[in-house]
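Encoded as structure tokens, the structure appears first; notes follow it.
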Amino acid sequence: MSATPPSRLRETFARARAAGDAVLCPYITGGHPDLAATVRTLPRLAHAGAGVIEIGFPFSDPIADGPVIAAAMDRAIAAGVTTGGLLAAIRDARATVPAALVGMISISLLHAGGLERMTAALAAAGFDGLIVPDLDLDQAATIADAGRASGLGLCPLIAPTTDAARVARLAALSSGFVYLLARVGLTGERGDLPDRAELLARIEAVHRVTDTPVVVGFGISDASQAAAISELADGVIVGSALVRRMGDAGPDAPEAAAAWTAELARAIRRGRPPATA
Amino acid sequence: MAGTTRIPDPAGRFGTYGGRYVPETLVHALSDLETAYDQARRDPGFQQELDRLLRTFVGRPTPFGPAPRLTDAVRRTAPGGRGAAVWLKREDCAHTGAHKINNTIGQGLLALRMGRTRIIAETGAGQHGVATATACARFGLRCEVYMGAEDARRQALNVFRMKLLGATVRVVEDGSRTLKDATNAAMRDWMGSSRTTHYILGSVVGPHPFPMIVRDFQAVIGRECRAQALDAIGRLPDAVVACVGGGSNAAGIFTGFLEDPQVQLLGIEAGGRSERAGDHAAPLSYGHPGILHGSLSYVLQDGDGQTAPVHSCSAGLDYPGVGPEHAWWKDTGRVRYSTATDADALDAFQMLARTEGIIPALETAHAVAGAVRLARELPRDANLVINVSGRGDKDVAEAIRLIDQSGA
């Protein structure tokens, strides 16, 4: 198996930066509503304008996730989705997806599968990066190393409550992008946006300590919020709002996901000053 | 065990176990708690206030005494010349009927010190929820307790007790709708609320510093028991036995004897119906190291790392994980762990009631079952202590059902 460096992530952000664009990074729960839907959804998201797609691995006790994503995970597990089954489905679909793929996977699953074996399996399935939402910072270097050995970029999370010293440590570990949480609390949709100046200051604080792209997520629920964030950050993550739409759409989940992603992509482009004409 | 070694280490590790595997949003709250606890621990004023409350409100020290008729029963069924004298440490006599109050009073005081006005907690059987609601009523703190829908149905009496004490019970409909899901819900609440809210975790589980804090507040059991045993027996006991779910009562009493290598320590897990996956709640006996609820310890999970279903007749032991310090004690050999089945526990429940006039909690009945087994193997001049972690009033309805079912 080839140890591809996470070049797809790097190139995606470099291309967007050059064009003055932000990267749209939709999140879906793997195997929700079922594995076939995931396989059909991924290429559609990419064609609708997603530069990076995050795929959450269903876990029985996802404490970082809000009710929508937790329920999606429950549903996937109840339908018989396993880590191995999801990896195989992604591997089979990978060639049809012109976007970078980032796996969001709990440390519980990584530990159970064996860190090196799991990072190798993620890379072999075609993932470019890795988000571990419940990382113990004291062990994060081990995970970053294992990821790097497999060609996976580690994408650490930074919260509004993360202090400066920890921001520096987390940023130093980043080999994909930094996932900046827009607010405290859980994943889930919110009506309001965090204060723009405060968010910008937090993004700049990360940029001061790393060249890695800074992607903002958590609670972004509509196109105008996505557009507002895209003016500040290198990328915008939307999760719960998309997962909810997929759950509501039943058999049309892939089409619903693609339609909404296209809407967000248009809003993000509108929200940006055009690249040098 | 070297008394100079700081356990856990600054990263919250008991050997390789423990740690802080949590969403980034919780890290700050846990660091704050760690700092506040560290200051409180070294503040004589805090300790005095805690001691005063334990004496005047909780009813400490709890009694320690012999169990003569249980000892007779052990000796009647022991091989010739065997059968240790059995002693009881009576946490069932603590206010609210179990050891849980030691921790909630301690953490309640800590919350006051940190200026928090709202308390959240998770509960399985409802004992920790009741103990938390009690502490909050005493301190004038707002209290919300997360409880799985399945548990709330089985433990309606405790739901009422919590409400009576002024708490709000938040029924959790996620996942298996039991303790682990209530724990998830409480952690999720805390992620958004930690500026005003303290989370009183109920056992020696979860991310650092909880396993350390809960152990320290429960260590009063072991300190008292060691002194009481020296006084009543004239020497240290030969064995100490406690039940282990998350493991807080066991950690509390074992801590008092860790550095007395001549004292055998035995933890009894819930053996349930059988050794088959899903039929028990015994991670130390039948599980493997894994990560659940923020720390690395023995857990019951499938090959993927998904938390496995658990079963025990005792709602308080019905949990797929166990405190990381127990994992460390197991691996180092300082504590031995074994199981008692539902049937063993039900027999022991009746045995302690008939021989000593004490109806134990079904959790505690597991310890009694394991203790009787060990006492039969020990010589007659040996002394064995059982930690009677809670009283069984809460379990009477469930016991009637189980006894009828078993035709006993």
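Reminder, nothing fancy here: chain letters follow the sequence lines and each chain counts from 1.
- In this structure, CG in A:Asp138 is found 9.0 Å from OH in B:Tyr21, a value given to the nearest 0.5 Å.
- Few gaps surround CG on A:Asp248; more than 12 heavy atoms of other groups in view lie less than 6.0 Å from it.
- A:Ser108 contributes a side-chain N or O that, together with a main-chain N or O of B:Ile291, makes up a donor-acceptor pair within less than 3.5 Å.
- The minimum heavy-atom distance linking B:His293 with A:Asp61 is given by the pair NE2-OD1, 4.2 Å.
- Taking OG of B:Ser31 as the reference point, atom CG of A:Asp163 lies at 7.5 Å (rounded to 0.5 Å).
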**Prompt:** Stepwise, does the side chain to side chain contact (heavy atoms under 4.5 Å, CB included) test hold for B:Val27 with A:Thr161?
**Reply:** CA-CA 8 Å; B:Val27 169; A:Thr161 48; over 6 Å; no

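- With a threshold of 4.5 angstrom between heavy atoms, A:Leu170 approaches chain B through side-chain atoms but not through N, CA, C or O.
- Checking side-chain atoms of B:Gln306 against main-chain N and O of A:Pro58 turns up a donor-acceptor pair under 3.5 Å.
- The distance from the CG atom of A:Asp74 to the OG atom of B:Ser176 is 9.0 Å, given to the nearest 0.5 Å.
- Residue A:Ile63 holds its CD1 atom at 6.5 Å from CG of B:Leu26, rounded to the nearest 0.5 Å.
- When side chains are defined from C-beta on, A:Thr162 does not count as touching B:His28, because their heavy atoms never get closer than 4.5 Å.
- Between B:Gly303 and A:Ala112, the shortest heavy-atom contact is O-CB, 3.8 Å.
- If you take NE2 on A:His111 and NE2 on B:His288, they are separated by 12.0 Å, rounding to the nearest 0.5 Å.
- The choice from B:Asp181, B:Asp174, B:Val22 that makes the most heavy-atom pairs within less than 4.5 Å of chain A is B:Val22.
- To the nearest 0.5 Å, atoms CG (A:Asp134) and CD (B:Glu24) are separated by 11.5 Å.
- Open room surrounds CZ on B:Arg195; 12 or fewer heavy atoms of other groups in view lie less than 6.0 Å from it.
- Of the possible polar contacts, one joining the A:Ser60 side chain to the B:Thr307 backbone as a donor-acceptor pair under 3.5 Å is found.
- Just one of A:Leu135, A:Leu137, A:Asp136 meets the side-chain contact (heavy atoms from CB on, under 4.5 Å) condition when paired with B:Arg20; it is A:Asp136.
- Proximity of a side-chain donor or acceptor of B:Arg188 to a complementary backbone N or O of A:Pro62 within less than 3.5 Å is detected.
- The salt bridge (Lys or Arg N to Asp or Glu O under 4.0 Å) contacts involving residues 298-312 of chain B comprise nothing, where partners must be two or more places apart or lie in separate chains.
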